[in-house]
Amino acid sequence: MKTLFLLLLLALIFCSAQSRSIIPRPHPQPSLKINATQNVGSCSFSVSIRTSCSSPRYTQDHISLAFGDAYGNQVYAPHLDDPSSRTFESCSTDTFQISGPCTYQICYLYLYRTGYDGWMPYDVTVYGYNSKPATFYYNVNIPANIWYGFNYCSGRRVADASSATK
């Protein structure tokens, strides 16, 4: 009986070590095209960014954001950071009001970080007029100088517009 229990325990440990997380992880998106001219729009979004408690206490990193729907509507928010206002401190939540084109359900979101502090987001939630709140969970170190995030747009291409500076 003890042998059977030990075998079952070992099998359970082996299987759990082989399992993969069902929680989606963010990924790099080097080909994300930003359409900065599309931001002239009549819709307002509230974006809540919660900084991980594992993040440095303060950061001087520059943070930009791009999100949109499966139909090519994209909102771009460059340089949300403001070190003088204590933006993006660890264990804090910052909320931004961003204007842009009206969208349907938000299905992708990417962050762009430049700097050396290693700011780490916990999650980002976008509240829009025509969609339910969309939350994207990070809680990982995001690399510098590349768009990094999520695309849940069912394989549809995100906006393929002219590139802009970050």
Side-chain angles (χ1 to χ4, degrees), residues 23-41 43-128 131 133-166:
I23 300 171
R25 306 307 298 164
H27 61 275
Q29 180 56 278
S31 62
L32 182 67
K33 302 290 185 196
I34 299 299
N35 185 353
T37 61
Q38 192 176 356
N39 266 4
V40 179
C43 284
S44 179
F45 300 87
S46 180
V47 177
S48 177
I49 301 176
R50 188 164 38 156
T51 297
S52 172
C53 292
S54 299
S55 188
R57 186 169 177 177
Y58 303 101
T59 186
Q60 292 184 353
D61 287 354
H62 296 286
I63 311 299
S64 297
L65 169 77
F67 62 87
D69 63 21
Y71 303 99
N73 300 303
Q74 182 186 75
V75 179
Y76 171 59
H79 298 292
L80 295 172
D81 49 273
D82 182 5
S84 65
S85 71
R86 302 171 61 151
T87 307
F88 301 129
E89 287 185 343
S90 65
C91 299
S92 69
T93 301
D94 297 287
T95 302
F96 304 91
Q97 299 303 315
I98 300 170
S99 294
C102 297
T103 65
Y104 294 97
Q105 183 61 48
I106 302 299
C107 58
Y108 74 88
L109 183 137
Y110 289 94
L111 295 169
Y112 192 93
R113 181 185 71 80
T114 59
Y116 301 101
D117 294 339
W119 172 76
M120 181 191 294
Y122 182 79
D123 61 16
V124 180
T125 302
V126 179
Y127 303 89
S131 64
T135 301
F136 301 86
Y137 294 95
Y138 282 82
N139 206 29
V140 295
N141 288 311
I142 60 173
N145 305 314
I146 190 165
W147 288 103
Y148 200 70
F150 301 88
N151 183 351
Y152 299 129
C153 297
S154 301
R156 295 182 177 146
R157 287 184 72 194
V158 296
D160 188 10
S162 60
S163 187
T165 58
K166 277 88 178 164

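Here the structure is a predicted model, which is why all the values come from computation and not from measurement.
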> Side chains of Val140 and Tyr148: closer than 4.5 Å at any heavy-atom pair?
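They are in side-chain contact.
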> Can you tell me how the ring of Phe88 sits relative to the ring of Phe96, calling it parallel under 30°, perpendicular over 60° and tilted otherwise?
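Correct class here is tilted.
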> Report yes if the side chains of Leu109 and Tyr138 come closer than 4.5 Å at any heavy-atom pair, otherwise no.
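Contact flag for Leu109/Tyr138 side chains = yes.
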> Kindly compute the distance separating OH (Tyr122) from OG1 (Thr135), expressed to the nearest 0.5 Å.
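If I round to the nearest 0.5 Å, the distance is 11.0 Å.
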> Return each pair, listed once, that meets salt bridge (charged side-chain N to carboxylate O under 4.0 Å, His left out) where at least one residue sits in residues 138-153; pairs must be two or more places apart or across chains.
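For residues 138-153, and leaving out neighbouring residues, there are no salt bridge (charged side-chain N to carboxylate O under 4.0 Å, His left out) pairs at all.
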> Are Thr87 and Asp82 close enough that a side-chain donor and a side-chain acceptor fall under 3.5 Å?
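Judged by distance alone, the side chains do not pair up.
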> At what distance, to the nearest 0.5 angstrom, does CZ of Arg25 lie from CZ of Phe150?
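Output value for this atom pair is 7.0 Å.
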> Does anything in residues 65-99 form a disulfide bond (SG atoms under 2.5 Å apart)? List the pairs, not counting sequence neighbours.
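Applying disulfide bond (SG atoms under 2.5 Å apart) to every pair that reaches into residues 65-99, excluding sequence neighbours, yields Cys53-Cys91.
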> Identify the heavy atoms of Ser64 and Pro78 that sit nearest to each other, and give their distance.
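For Ser64 and Pro78, the tightest heavy-atom pair comes out as OG-CA, 3.5 Å.
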> Quick one: are Pro121 and Phe136 in side-chain contact, heavy atoms under 4.5 Å?
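They are not in side-chain contact.
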> How long is the gap from CZ on Arg57 to OG on Ser92, to the nearest 0.5 Å?
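Between Arg57 CZ and Ser92 OG, I get 11.0 Å after rounding to 0.5 Å.
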> Please report the shortest heavy-atom distance between Gly100 and Val75, naming the atom on each side.
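Answer, listing the atom of Gly100 first, then Val75: CA-CG2, 4.3 Å.
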> Measure across Pro56 and Ser90 and return the closest heavy-atom pair with its distance rounded to 0.1 Å.
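Minimum heavy-atom contact is O-CB, 3.6 Å.
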> Tell me which pairs pass salt bridge (charged side-chain N to carboxylate O under 4.0 Å, His left out) where either residue lies in residues 100-113, with sequence neighbours left out.
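Sorted result for residues 100-113: Asp61-Arg113.
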> Do Gln60 and Tyr116 pair up side chain to side chain, a donor and an acceptor below 3.5 Å, judged on atom types alone?
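The answer is no; no qualifying pair exists.
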> Does some side-chain heavy atom of Asn141 sit less than 4.5 Å from a side-chain heavy atom of Met120?
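Yes, their side chains come closer than 4.5 Å.
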> Give me the atom names and distance for the closest heavy-atom approach of Ser55 to Gly118.
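Where Ser55 meets Gly118 most closely, the heavy atoms are OG-O, 4.4 Å.
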> Measure from the ring center of Phe45 to the ring center of Phe67 and say whether it is less than 6.0 Å.
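Close enough - the centres of the two rings lie under 6.0 Å apart.
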> Name all pairs fulfilling the salt bridge (charged side-chain N to carboxylate O under 4.0 Å, His left out) condition that reach into residues 138-147, sequence neighbours left out, sorted by first residue then second.
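Pairs touching residues 138-147 that pass the test: none.
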> Can you sort out the partners of Thr51 under side chain to side chain donor-acceptor pair (under 3.5 Å), two or more places apart, ordered by chain and number?
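Trp119.
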> With sequence neighbours left out, what residues match Asp81 under salt bridge (Lys or Arg N to Asp or Glu O under 4.0 Å)?
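Here no residue qualifies.
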> First locate atom CG of Leu80, then atom OH of Tyr112, and finally report the distance between them rounded to the nearest 0.5 Å.
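So the gap between those two atoms works out to 14.5 Å.
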> According to side chain to side chain donor-acceptor pair (under 3.5 Å), who are the partners of Asp117, at least two apart in sequence or on a separate chain?
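By the side chain to side chain donor-acceptor pair (under 3.5 Å) rule, Asp117 matches Thr59.
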> Excluding sequence neighbours, so at least two apart, what forms side chain to side chain donor-acceptor pair (under 3.5 Å) with Ser46?
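Ser46 satisfies side chain to side chain donor-acceptor pair (under 3.5 Å) with Gln97 only.
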> A side-chain contact here means heavy atoms from C-beta on lying under 4.5 Å apart; do Asp69 and Cys153 qualify?
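With C-beta onward as the side chain, the pair stays apart.
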> Let me confirm one number: the OH-CD distance from Tyr110 to Gln74, rounded to the nearest 0.5 Å.
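Here the interatomic distance stands at 11.0 Å.
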> Applying salt bridge (Lys or Arg N to Asp or Glu O under 4.0 Å), name anything that partners Arg86, two or more places apart in sequence or on another chain.
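With neighbours one apart ignored, the set is Glu89.
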> I'd like to check the side chain to side chain donor-acceptor pair (under 3.5 Å) partners of Asp94; sequence neighbours left out, ordered by chain and number.
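Asp94: no side chain to side chain donor-acceptor pair (under 3.5 Å) contacts found.
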> Name all residues meeting the ring-ring contact (aromatic ring centres under 6.0 Å, His included) criterion together with Tyr104; count only those two or more places apart in sequence or in a different chain, and write none if there are none.
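With sequence neighbours excluded, Tyr104 shows a ring-ring contact (aromatic ring centres under 6.0 Å, His included) to Tyr71, given in chain and number order.
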> Check whether any side-chain heavy atom of Thr103 lies under 4.5 Å from a side-chain heavy atom of Cys43, and answer yes or no.
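Counting from C-beta outward, Thr103 and Cys43 never come under 4.5 Å.
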> Can you name the salt bridge (Lys or Arg N to Asp or Glu O under 4.0 Å) partners of Asp123, sequence neighbours left out?
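For Asp123 the salt bridge (Lys or Arg N to Asp or Glu O under 4.0 Å) partners, ignoring immediate neighbours, are Arg50.
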> Atom OG1 of Thr93 and atom CD1 of Ile49: how far apart are they, to the nearest 0.5 Å?
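Separation between the atoms: 10.0 Å.
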